[in-house]
Amino acid sequence: MPETLARLFRHAVSYDKPDMILTKIEGAYGPIAASEVYRRVARTHFELRNAGIAAGDRCALLSENRWEWAVTDFAMMTAGVVSVPIYPTLPAQQIHYLLQHSESRVIFVSTEEQLEKILSIWDDLPALEGVVIFDSYDTDDERITALATLLGEKPLSEDEREDFEQAISAVQPQDLASIIYTSGTTGTPKGVMLTHSNFGSNVRDNGLNVSQDDVALSFLPLSHVAERMADYAFFQDGATVAYAESIEAVPQNLLEVKPTVAVGVPRFFEKVHDKVQAAVSAAPAVRRGLFHWAIGTGKASAPYRLKNEPMPLGLRLKSGLADRLVFAKLRGRLGGRIRFFMSGAAPLPLHVAEFFYAVGIKICEAYGLTETSPVVSLNYPDSLRFGTVGRVIKNVEVKIADDGEILVRGPNVMRGYYKDEERTAEVIRDGWFHTGDIGKIDEDGYLSITDRKKDLFKTSGGKYVAPQPIENQIKTSSYVSTAVVVAEGRNFPSALIVPDFEKLQQYAEQQGIDVADRGTLVRHAGIVSMIENEVDSACQGLARHERVKKVALLEEEFSIDKGEITPTMKVRRREVEKLYADRIEEIYSS
C-alpha cells in the first residue's frame with residue numbers, strides 16, 4: 001500500500017485504464033486515459049516548480065468537482081506542496097481569511113466567477129502571487145494563467161519522466177499534505193493539518209471492497225475531506241472516477257454515468273426519498289397501493305437480508321415480484337447499477353436508511369471528522385446496522401470517556417491545527433483526540449452517535465436534552481425540511497422549522513387556504529397547528545421533557561451566505577438562534 005499520496009498516484013496510473021476519469025466533453029461523458037492524466041499531472045507539477053513553488057509551500061484550490069481538481073491536487077501531492085482546498089460556495093471575505101492565514105502563494109480557481117472573488121480581495125493578500133484558472137480566460141494580467149496554457153499537448157520526454165518519478169519518491173509519509181479548514185459550526189475556522197500518512201492510513205484501512213470494475217460518481221465537494229479521501233481510495237483500487245457537473249445536475253449525471261458507488265450526505269438521500277414520496281402521492285390510487293405494498297414487502301424482508309438468512313418461501317416470492325414491478329424502476333432513477341452508497345457528515349435519519357434498504361439500495365453510514373482524515377467507523381455493505389455508524393476501522397482505537405465523549409487514537413489523527421498550538425492541545429490530550437461527539441459502543445462493536453457535546457441543553461427544570469435525536473424524529477414528517485431544537489434555560493423544548501414549501505403549499509391548496517406569499521403561509525394559524533400536530537406525533541416516543549411543545553415556521557431555507565449552515569449542510573446552531581432570537585422569544589412569550 002502506498003505510504004504517500006504521491007505514490008498512490010503512481011499506483012493509480014499503473015492500472016493504465018483508458019477511462020481513469022470520466023468528464024463531460026461537449027455535452028456527453030467521455031474518458032481521460034491514465035496516460036493522459038499522468039502527463040497533465042506532471043506538466044502541472046513542473047509548472048509549480050518553474051514558478052518557484054517548493055515543497056512545504058501552500059497553494060489553494062477553489063473549485064467545484066472536475067478533472068482539473070484531481071490533476072492539480074495530484075500535482076501538488078507529487079511536488080510536496082501543501083494544498084489548501086476551499087469550498088467554492090464561500091464568499092470572498094471568508095476566502096480571504098483562509099488565504100491569509102495559510103499564506104497561500106498560488107490559487108487554482110475553476111471559473112471566472114471564482115476568479116472575481118479573488119480579484120476583489122487580492123490587494124490585501126501580500127503572499128498571493130498568482131492565479132491559475134481552469135476555464136478559458138483572456139487577460140493581460142500576467143499574474144493570471146489558464147491551466148490549458150500550462151498543460152499544452154506536448155508529451156513528456158524520458159528525462160522529464162525520470163525527473164517526475166524521482167520527485168514522487170522524494171515525498172515522505174510524515175510530510176504535510178494538506179491544510180483543510182473546518183467549516184465549523186462555531187468560531188473561527190481551524191486549519192487541520194493532515195499528512196500523507198494520515199490520508200494513506202485511511203485509504204489503507206477503510207476496508208471498502210472497490211475494484212477496477214467500479215465506477216464512482218464524485219459529487220460531494222472535494223474541498224471536504226470525505227469525498228477527497230473516497231476519491232483517493234477509488235483511484236487506489238483502480239475504479240473509474242466520474243465528476244458530476246454540479247450538485248443540481250447529479251440526478252441527470254447518475255443516469256448518464258450509471259455509477260456503482262458514490263458518497264453522499266443525508267440531505268441528498270432525504271431529497272431523493274421526498275421526491276419519490278411526492279411522486280407516489282400524486283399517482284393514481286392503484287399505483288399508490290402497489291408502491292406501499294412493495295415497500296411493506298421490502299421492509300418485511302429486511303431482517304432476513306440484514307442477517308443473510310433465508311426468507312420464507314411466500315415472502316421470497318413477494319419480494320421478487322416487488323422488485324420487478326417497483327424497486328427496479330426506482331433504482332433505475334439512480335442509474336440502476338449502484339452497489340452501495342456511503343453517507344457521512346451528519347446522522348442519516350433511520351426512516352430514510354430503512355426506505356432505501358427496502359428498495360434494494362444499501363447506504364453505508366460512516367463516522368469521522370476532518371481531524372481524523374476522516375473515517376473512524378463504517379458500516380459495510382454486508383454487515384449494516386441501522387441507527388449506528390458501524391464498526392471502528394482497522395488500526396484505529398475508540399474509547400468512550402466518562403462523560404460520554406468519543407475519543408480517537410490512530411494513524412489517521414491529524415498533526416494539529418495550523419498556527420494554533422493552544423486549540424491543538426485542547427483536543428489532543430494524552431495521545432487521544434477528543435471529538436466533541438457523544439456516543440456509545442454496543443456489545444457487537446457498533447458505534448452510535450447521540451449528539452455533540454457542546455449541543456447538549458439543560459432546561460430550566462434541570463433536565464438535559466440532546467437536540468439531534470429530537471430533530472431527526474421531527475424530520476420524519478414529510479412537511480419538515482429542517483428542524484432546530486431550542487431548549488437551553490427554557491422550561492420546555494421548542495423548534496424552529498424550515499418546512500418543505502412545495503409540500504406545504506399543496507396542503508394549503510387542499511385545505512382551501514389562500515396565501516399570497518411564504519411569510520403569510522408560515523404564520524397562518526391552520527398551517528402552524530398542522531405542523532405542531534406533525535411534530536407532536538413524531539415526538540410521541542420521546543421522554544416527556546424532550547417533547548417539543550411549540551414551533552416557529554421560518555419562511556426561507558437556511559443558507560451558507562447568512563451563516564446558518566456550513567458548506568457541508570450542517571446547521572450552525574448558535575448562529576441560527578442569534579438570527580431568529582425574536583422568533584424564539586415569540587414562542588416562549590405567547
Side-chain angles (χ1 to χ4, degrees), residues 21-30 32 37 40-41 43-45 47-48 50-51 53 58-76 81 83-153 181 183 218-224 227-228 242-250 252-253 559-562 567:
I21 287 174
L22 292 178
T23 187
K24 267 292 176 76
I25 302 172
E26 297 181 353
Y29 271 95
I32 303 178
V37 174
R40 294 180 189 185
V41 169
R43 283 276 171 246
T44 309
H45 168 107
E47 290 297 337
L48 286 170
N50 294 339
I53 305 299
R58 276 79 60 207
C59 290
L61 259 169
L62 176 64
S63 171
E64 303 76 16
N65 293 24
R66 44 196 290 176
W67 68 261
E68 295 95 334
W69 206 107
V71 163
T72 303
D73 179 59
F74 277 129
M76 293 185 202
V81 172
S83 75
V84 181
I86 299 175
Y87 287 98
T89 51
L90 290 182
Q93 285 309 308
Q94 290 185 36
I95 294 170
H96 177 273
Y97 173 82
L98 306 184
L99 293 177
Q100 184 181 58
H101 189 261
S102 65
E103 300 175 274
S104 292
R105 293 182 59 190
V106 170
I107 183 168
F108 292 82
V109 303
S110 55
T111 63
E112 189 171 347
E113 177 187 354
Q114 301 299 344
L115 175 61
E116 289 298 325
K117 295 179 185 178
I118 303 306
L119 292 174
S120 72
I121 58 178
W122 202 336
D123 288 345
D124 295 322
L125 293 167
L128 188 64
E129 300 168 21
V131 175
V132 179
I133 184 170
F134 296 160
D135 285 352
S136 59
Y137 184 74
D138 293 323
T139 180
D140 294 328
D141 191 333
E142 294 182 354
R143 302 173 303 170
I144 303 171
T145 308
L147 181 64
T149 302
L150 302 182
L151 295 178
E153 296 182 359
Y181 285 87
S183 50
S218 175
F219 64 87
L220 286 189
L222 277 163
S223 41
H224 187 275
E227 184 69 65
R228 187 172 171 192
Y243 293 103
E245 295 173 272
S246 65
I247 291 295
E248 294 73 25
V250 167
Q252 179 61 32
N253 295 161
S559 74
I560 296 170
D561 289 344
K562 289 195 297 181

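Every pair passing ring pair (Phe, Tyr, Trp, His ring centres under 6.0 Å) that includes a residue from residues 99-139 is listed here, sequence neighbours excluded: Y97-H101, H101-Y181, H101-Y418. Within the structure, salt bridge (charged side-chain N to carboxylate O under 4.0 Å, His left out) contacts touching residues 106-134 (residues at least two apart or in different chains) are R105-E129.
Every residue was checked against the side-chain hydrogen bond (donor to acceptor under 3.5 Å, both in side chains) condition with E26, not counting sequence neighbours, and none meets it. S246 pairs by the side-chain hydrogen bond (donor to acceptor under 3.5 Å, both in side chains) definition with E248, not counting sequence neighbours. With sequence neighbours excluded, no residue forms a side chain to side chain contact (heavy atoms under 4.5 Å, CB included) with S136. Remark: T23 pairs with no residue by the side-chain hydrogen bond (donor to acceptor under 3.5 Å, both in side chains) rule, at least two apart or across chains. When the ring pair (Phe, Tyr, Trp, His ring centres under 6.0 Å) test is applied to F219, the partners found at least two apart in sequence or on another chain are F268. Qualifying side chain to side chain contact (heavy atoms under 4.5 Å, CB included) partners for D141, counting only residues two or more places apart in sequence or in other chains: T139, R143, I144. Applying the side chain to side chain contact (heavy atoms under 4.5 Å, CB included) criterion to E47, with sequence neighbours excluded, gives N50, L150. The side-chain hydrogen bond (donor to acceptor under 3.5 Å, both in side chains) search around Q252 returns none, not counting sequence neighbours.
Rounding to the nearest 0.5 angstrom, the gap separating the CD1 atom in I121 from the CG atom in L128 is 8.0 Å. Expressed to the nearest 0.5 Å, how far CG of N253 lies from NZ of K24 amounts to 5.5 Å. Atom CG of L99 is separated from atom CD1 of I107 by 4.5 Å, given to the nearest 0.5 angstrom. The distance from the CD1 atom of I247 to the OG1 atom of T89 is 10.0 Å, given to the nearest 0.5 Å. Separation of atoms CG (L151) and CZ (R43) is listed at 9.0 Å; rounding is to 0.5 Å. To the nearest 0.5 Å, the span separating CD1 on I133 from CG on L115 amounts to 5.0 Å.
Side chain of R58 to main chain of S102: a donor-acceptor pair is present (N/O by atom type, distance under 3.5 Å, no hydrogens or angles).
Scanning all heavy atoms of the two residues, the minimum distance from V250 to A244 falls at CG2-CB, 4.1 Å. Shown here for V84 and S104, the closest heavy-atom pair between the two residues is CG2-OG, 3.8 Å.
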Per-pair distances, 0.1 Å, donor-acceptor, side chain in residues 59-67, under 3.5 Å, sequence neighbours excluded:
residue : atom : partner : partner atom : Å
E64     : OE1  : S110    : OG           : 2.7
E64     : OE2  : Q114    : NE2          : 3.3
N65     : OD1  : L222    : N            : 2.9
N65     : ND2  : S218    : OG           : 3.0
N65     : ND2  : L220    : O            : 2.6
R66     : NE   : E68     : OE1          : 2.9
R66     : NH1  : D135    : OD1          : 3.3
R66     : NH2  : E68     : OE2          : 3.1
R66     : NH2  : D135    : OD1          : 2.8

